[in-house]
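What follows is one structure encoded as structure tokens, with my remarks underneath.
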Amino acid sequence: MHAVGISRQTGTPAVRTAVVWEALSAVLAERTAATGRERLDIVDAGGGTGGFAVPLAELGHSVTVVDPSPDSLAALERRAAEAGVSVRALQGDAADLGELLPTGEADLVLCHSVLEYVDDPAGAVTAMAGLLRPGGVISVLAANPLAAALHRSIAGRFDEAREALADPDGRWGEKDPTPRRFTRESLERLLAVTGFTPGEVHGVRIFADLVPSRLLDGEPGAARALVALEQAAAAHPVLRDIATQLHVLGHR
């Protein structure tokens, strides 16, 4: 994995994104080799405060974040300034991407924790597809209903856990703040019908959300060991499917 995935932090936040960074690092290397350009054009749809955008800009890439929240974009700009990099910030929804950005000029589009909340997931992914050059890649990260059921059961909310399993959108009840969740199969179908060839699906935060933070903070080397465990389990056919989030790359 590229060092950006675990640099500067040794605690839970890095652990929670390590698998995604490993996949993104491979995409960046692949696209750089294929295009001959060291500076790739990246769009982070719903990129919020820049958790992915700023490190990507630090690697030398041109990054644009589109997000509906002005507060998040202000935090993004502060974060980028502190890191000494430039990130373009645009206010807008996923549905606005075609109006805000030119067609066919991005090498990579990030769609992380967005599809759970948009009105039309297929429409949003189609809009993102329009931003990509031929050979471009979309990185999709979405909440998993099986994990929701697991976590509700651990909390003693057994009826809610059962509801999450039965509900078509993977919701555990009316008070569930997440409008929808995606199984591995539904993510693969979504990418296929919007013109992408889906790659392998990986589980993200299989163990990280189950391990008490005090174990990571109090045990030297624990965070790095947990990163290695998450990476080893990410493609496991059983463990992957109970991860808090599922990550998949779609290729144009």
Side-chain angles (χ1 to χ4, degrees), residues 1-26 28 44 46-59 63 65 67 69 71-72 74-85 87 110 112-114 116 139 141-158 160-161 164 172 175-178 181 201-236 238-247:
M1 184 182 68
H2 195 288
V4 72
I6 56 175
S7 66
R8 302 183 180 179
Q9 296 178 335
T10 57
T12 303
V15 169
R16 288 158 63 95
T17 58
V19 169
V20 180
W21 276 117
E22 183 176 39
L24 291 181
S25 296
L28 296 175
D44 191 348
T49 61
F52 283 91
V54 170
L56 287 168
E58 288 182 293
L59 292 175
V63 185
V65 172
D67 196 276
S69 168
D71 291 338
S72 293
L76 161 69
E77 291 176 337
R78 290 193 296 271
R79 189 177 203 160
E82 290 171 1
V85 296
V87 175
L110 306 188
H112 294 172
S113 302
V114 170
E116 297 94 324
S139 169
L141 183 67
N144 175 16
L146 298 184
L150 176 63
H151 294 163
R152 298 316 286 174
S153 69
I154 290 173
R157 304 280 189 171
F158 304 121
E160 292 176 352
W172 48 256
K175 295 183 179 179
D176 189 339
T178 303
R181 295 180 174 88
V201 178
H202 291 101
V204 177
R205 293 158 54 191
I206 296 170
F207 302 103
D209 289 353
L210 304 176
V211 174
S213 58
R214 66 179 182 276
L215 294 181
L216 297 180
D217 297 336
E219 186 69 28
R224 189 171 294 275
L226 183 53
V227 165
L229 177 60
E230 288 280 349
Q231 291 172 325
H236 190 285
V238 175
L239 295 174
R240 168 196 60 202
D241 287 347
I242 62 168
T244 299
Q245 295 174 301
L246 299 175
H247 180 248

Between [X] and [Y], what is the shortest heavy-atom contact and its length?
X: Ala243; Y: Ile206; result: CB-CG1, 3.5 Å
X: Ser72; Y: Asp67; result: CB-OD1, 3.9 Å
X: Ala23; Y: His247; result: CB-CE1, 3.6 Å
X: Ala149; Y: Ala161; result: O-CB, 3.2 Å
X: Gly51; Y: Trp21; result: O-CZ2, 4.0 Å
X: Ser139; Y: His112; result: OG-NE2, 2.7 Å

Exercise for review: Any chance you could measure Ile242, atom CD1, to His236, atom NE2, to the nearest 0.5 Å?
Suggested key: 10.0 Å
Point to revise | From Leu215 atom CG to Leu226 atom CG, the distance as rounded to the nearest 0.5 Å | key: 10.0 Å
Review point. How far apart are the C-alpha atoms of Arg16 and Asp209, what are their side-chain angles, what is the distance that settles it, and do they pass the side chain to side chain contact (heavy atoms under 4.5 Å, CB included) test?
Key: CA-CA 8 Å; Arg16 288 158 63 95; Asp209 289 353; 2.9 Å; yes
Heavy-atom donor-acceptor pair, [X] side chain to [Y] backbone, under 3.5 Å:
X: Asn144; Y: Asp241; result: yes
X: Thr244; Y: Arg205; result: yes
X: Glu116; Y: Val114; result: yes
X: Glu22; Y: Gln231; result: no
X: Glu230; Y: Ala18; result: no

State, with a plain yes or no, whether a side-chain heavy atom of [X] is found less than 4.5 Å away from one of [Y].
X: Leu28; Y: Leu56; value: yes
X: Trp172; Y: His151; value: no
X: Phe207; Y: Val15; value: no

Practice item. Please assess Val63 against Phe52 for the test side chain to side chain contact (heavy atoms under 4.5 Å, CB included), listing each intermediate value before the final yes or no. Key: CA-CA 10 Å; Val63 185; Phe52 283 91; over 6 Å; no
**Study point:** By side-chain hydrogen bond (donor to acceptor under 3.5 Å, both in side chains) - contacts of Glu160 (at least two apart)
**Key:** Arg152
Point to revise | Worked check of side chain to side chain contact (heavy atoms under 4.5 Å, CB included) between Leu141 and Leu246 | key: CA-CA 6 Å; Leu141 183 67; Leu246 299 175; over 6 Å; no
